[in-house]
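See structure below.
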Amino acid sequence: MTEILAPVGGKEQLIAAVRSGADAVYFGAKNFNARRNASNFDDFELSDAVSYCHARGVKVHIVLNTLVMDSEFPALIEEIKNVAKSGADAVIVQDLAVMRLVKEICPELELHASTQMTVHNLAGAKEAQKLGFKRVVLSRELSYEEIKYIAANTDIELEVFVHGALCMCMSGCCYLSSVLGGRSGNRGLCAQPCRLDFRFGEKDHALSLKDMSHVEHIRKLAEAGVCSFKIEGRMKRPEYVAAAVTACKAALAGEKPDIESLRAVFSRQGFTDGYFTGKRTPEMFGFRSHDDVTAADKVLKNLANLYKDEPKKIPVRMNLFISESEKSVLVATDGENYASVTGSVCEKALRTPTDKALAERYLSKTGGTPFYLEELDFTADGEPVIAAGELNEMRRSVLSQLLKIREETVPHKINDIEIEKTEKQPAKEITLRVRAERFEQLSFAKDAEAVILPIAEIENHPEVIRLFGNRLFAELPALVFPGDEEEIKSRLTALKNAGVCHALCENICALRLAKDAGMAVHGGHGLNIINSIALEEYKQLGLSDATLSFELSASKMRWLDGNIRRGILGYGYLPLMRMRACPLKGPAGCKNCPGNGKIKDRLGKEFTYLCFEKKFGTLLNGVPLYIADKDVSGIDFMTLWFTTESPENCEKIYNMFKNKVPADFEKTNGLYFRELL
């Protein structure tokens, strides 16, 4: 069973999606969704929207895929209850706190793991399934072969984006908007600063990708085992939704999709399938030009016609009885539901009585409804004749009744819950941990509580195991794509056998790999933990301790309950983006590239780009976070996150933190002393 899943930002888009032939739609309720600036649907509109869709055989997935703070739990619980009351089919989730609350409040609701969870390999898909997700929305950066591999080795449902905008950053790993402007993508308010004119040398718009379009590859994805083909665009106009759904339907049916109209209604200098094909070249990059904007004018009218009328997509069977002595009866059924109306007693025909062919002609006129007459059972007692007007009225009435019956949604069962507080153990003196990019940055760290190094650095400098013993943590790569999973497993096992017992993990994919290697698991900032329930859920997954998200304010972190140890990044050039398409790559590919470079914004501020083994890149903030002299409570440890610093500078900063010395260089307090929207 395959599904075309359409984006909906409001009522007009909903109608466009359903009338164009979408099998399912996804949209947000009032809050807690990654497009909070879309119109979305409030409590009453939500029920109406679900009724409209279900009456026409279309499923509804509700987006609850933002990170949630403890103070928002009461509102979140009410929203989950309203979703359950509406009879929606599934919820799309990022935060493990939302996952747990949905399970407790309404276990009947299907859970789908949002692309914001950054599930990009087999280990992540299996971990999501273990958590209770029925479906996972894979990261957009995967190739066909990688998707095919995941599908062949797990039975969790896979949902894949096939058309729409491409973020430069892997979903769930982007902090550019929040750090630069206080508007968090993880909280549904991304300001899309990446679309501005960042530059690398002569290359403009170095952080902006063309829109993806894998529409013409849909049949191939279906054959690989993908069940849901997702269209991005909850902020887009209804004509865009109609064009994308129509194109996907055509491609899935083996017909030629209208890519030109799709490009005209919205693109960024055309489309790319670079991720799908694995050809991640400079041709993937593009931005919204003036020509792109004006191109839509030529196609909007034709695209609006795609959803002008209600399509006849639901077959009905009718049974008509007419008689000279009894009242006429018309019954209609869609196979599950029945409706009937009673007419008048017919007169005896003076010439030609009403026959099945004549009745069928009038009963087939189902325009304006989603029904079409599939079969008519006709019975006549005597030689009756029924007026065309009465037959038309009976048809309108019975189909109206049938539609109302289909619109009656069945609310899911709701459990009342109370959030239990877990007493937090009082924090002792805040300890220091050191994370380094290179072994030579660590000469000073003999008294640090923990020392964190990438796997390769430990392998290249095995003496570090002897130097730091049980305080040494192996840092898994922030991203591990399917072709590298088995190798990472083997390397972790070898490190475990060599005496490295701890692993630092930035997503649920890495958690699975580290646990399989038998290591003690520590959660990195990339897990995006900002609430008490998520802390507890990760503890249940085996975390020994967790680094909180650097999007969480200091005032909020002190109120987190639970007894798992928690810490924060205290220093570092924060990783603003993780990306698979390289902004530094030129026509010659990676040849002669040093693996790093400087990207400038419109004001000339520089951001360092670091390449990880030609697998992915990280964009670092232009100034370091530094809070040695700030009052932060409610945590157990701080990590000094060193990347490009010299060994001498690392030692200097470490000693400054030990003595709580104010910075003598340009720095930022990050988001710890600001409140995100």
Side-chain angles (χ1 to χ4, degrees), residues 169 173-176 178-179 430-445 448-458 464 468 471-479 502-507 510 522-529 545-552 554 557 565-578 596 607-612 616-630 632 635-658 663 665-672:
C169 182
C173 302
C174 190
Y175 312 96
L176 188 69
S178 59
V179 171
I430 296 173
T431 58
L432 291 179
R433 294 180 176 182
V434 173
R435 181 270 181 192
E437 190 82 14
R438 307 181 308 280
F439 168 71
E440 58 264 27
Q441 293 172 307
L442 287 173
S443 60
F444 61 88
E449 180 194 67
V451 171
I452 305 161
L453 266 181
I455 292 172
E457 284 296 292
I458 300 175
V464 75
F468 296 107
R471 293 183 294 129
L472 179 63
F473 292 12
E475 179 187 76
L476 275 75
L479 302 171
H502 301 270
L504 183 77
C505 304
E506 298 290 357
N507 54 54
H522 303 262
H525 64 270
L527 293 177
N528 291 325
I529 299 172
D545 54 49
T547 300
L548 302 173
S549 168
F550 53 74
E551 291 191 307
L552 185 63
M557 67 180 66
R565 295 186 77 235
R566 74 288 309 265
I568 59 173
L569 298 187
Y571 169 85
Y573 290 91
L574 295 177
L576 301 182
M577 304 177 90
R578 308 278 195 188
N596 60 72
F607 300 79
T608 298
Y609 175 89
L610 293 181
C611 176
F612 177 82
F616 65 89
T618 300
L619 186 72
L620 303 178
N621 197 16
V623 293
L625 169 73
Y626 183 93
I627 58 168
D629 55 331
K630 299 298 180 182
V632 181
I635 60 171
D636 301 285
F637 60 86
M638 280 192 195
T639 299
L640 310 185
W641 203 77
F642 295 118
T643 49
T644 60
E645 296 85 352
S646 67
E648 296 76 19
N649 204 24
C650 292
E651 182 172 6
K652 173 189 172 182
I653 290 165
Y654 181 71
N655 289 326
M656 290 173 70
F657 260 82
K658 288 176 67 175
F665 49 83
E666 184 183 5
K667 55 90 176 181
T668 176
N669 295 328
L671 298 167
Y672 293 141

Check: For Tyr571 and Tyr654, what are the C-alpha separation, side-chain angles and deciding distance, and is it a ring-ring contact (aromatic ring centres under 6.0 Å, His included)?
Finding: CA-CA 9 Å; Tyr571 169 85; Tyr654 181 71; over 10 Å; no
Next item on the list: Would you please test Thr643 and Arg435 for side-chain contact (heavy atoms from CB on, under 4.5 Å) and show each step?
Entry: CA-CA 8 Å; Thr643 49; Arg435 181 270 181 192; 3.6 Å; yes
Notebook entry, point to check: Run the side-chain contact (heavy atoms from CB on, under 4.5 Å) check on Val179 and Leu671 step by step: do they pass?
Noted result: CA-CA 7 Å; Val179 171; Leu671 298 167; 4.3 Å; yes
Note to self: I'd like to know whether Val434 forms a side-chain contact (heavy atoms from CB on, under 4.5 Å) with Gln441, so could you lay out the CA-CA distance, the side-chain angles of the two residues, the decisive distance to 0.1 Å, and finally the verdict.
What the structure shows: CA-CA 10 Å; Val434 173; Gln441 293 172 307; over 6 Å; no
Margin query: Please determine whether side-chain contact (heavy atoms from CB on, under 4.5 Å) holds for the pair Asn507 and Arg578, giving the CA-CA distance in whole Å, both sets of side-chain angles, and the decisive distance to 0.1 Å.
Written below: CA-CA 12 Å; Asn507 54 54; Arg578 308 278 195 188; over 6 Å; no
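A donor-acceptor pair under 3.5 Å is absent between the side-chain atoms of Glu449 and the main chain of Met638, judged by distance alone. Panel note: side chain Thr639, backbone Trp641; no donor-acceptor pair is recorded below 3.5 Å. Side-chain atoms of Glu457 come within 3.5 Å of backbone atoms of Phe439 as a donor-acceptor pair (strictly under, hydrogens ignored). Between the side chain of Arg566 and the backbone N or O of Leu548 there is no donor-acceptor pair closer than 3.5 Å. For Glu506 (side chain) and Ala478 (main-chain N/O), no donor-acceptor pair under 3.5 Å exists by modelled atom type.
Considering every non-hydrogen atom in both Ile529 and Ala546, the closest pair reads CD1-CB, 3.9 Å. The minimum heavy-atom distance linking Ala445 with Arg471 is given by the pair O-NH1, 3.8 Å. Scanning both residues, Pro575 and Leu620, for their nearest heavy atoms gives CA-CD2, 4.1 Å. Shortest non-hydrogen contact noted between Pro454 and Ala436 is CD-O, 3.2 Å. The two residues Tyr672 and Ser549 have their closest heavy-atom pair at CE2-O, 4.5 Å. Residues Met557 and Val632 approach most closely at SD-CG1, 4.0 Å, considering heavy atoms.
If you take CG on Leu432 and CZ on Phe637, they are separated by 11.0 Å, rounding to the nearest 0.5 Å. Atom CG of Asp636 and atom OG1 of Thr431 lie 7.0 Å apart (nearest 0.5 Å). Here Thr644 contributes atom OG1 and Asn649 contributes atom CG; the two are 9.0 Å apart, rounded to the nearest 0.5 Å. Between the CG atom of Leu640 and the CG atom of Leu625 there is a distance of 10.0 Å, given to the nearest 0.5 Å. Remark: Thr547 OG1 to Arg565 CZ distance equals 10.5 Å, nearest 0.5 Å. Separation of atoms SG (Cys650) and CZ (Arg438) is listed at 7.0 Å; rounding is to 0.5 Å.
Side-chain atoms of Leu619 and Tyr175, non-hydrogen and from C-beta on, never get closer than 4.5 Å to each other. By the 4.5 Å heavy-atom criterion applied to side chains, Glu645 and Tyr573 are counted as neighbours. Between Tyr626 and Phe657, the closest side-chain pair of non-hydrogen atoms falls below 4.5 Å. The closest side-chain heavy-atom distance from Phe665 to Pro624 is below 4.5 Å. Two residues are said to be in side-chain contact when any heavy atoms from C-beta on lie closer than 4.5 Å; Ile568 and Ile627 meet this criterion. Contact annotation: the side chain of Asn596 never approaches that of Tyr609 to less than 4.5 Å [non-hydrogen atoms, C-beta and beyond]. Side-chain contact between His522 and Phe473 is present, with heavy atoms from C-beta onward closer than 4.5 Å.
With respect to Arg433, the side-chain contact (heavy atoms from CB on, under 4.5 Å) criterion is satisfied by exactly one of Leu569, Asp545, Leu504: Asp545.
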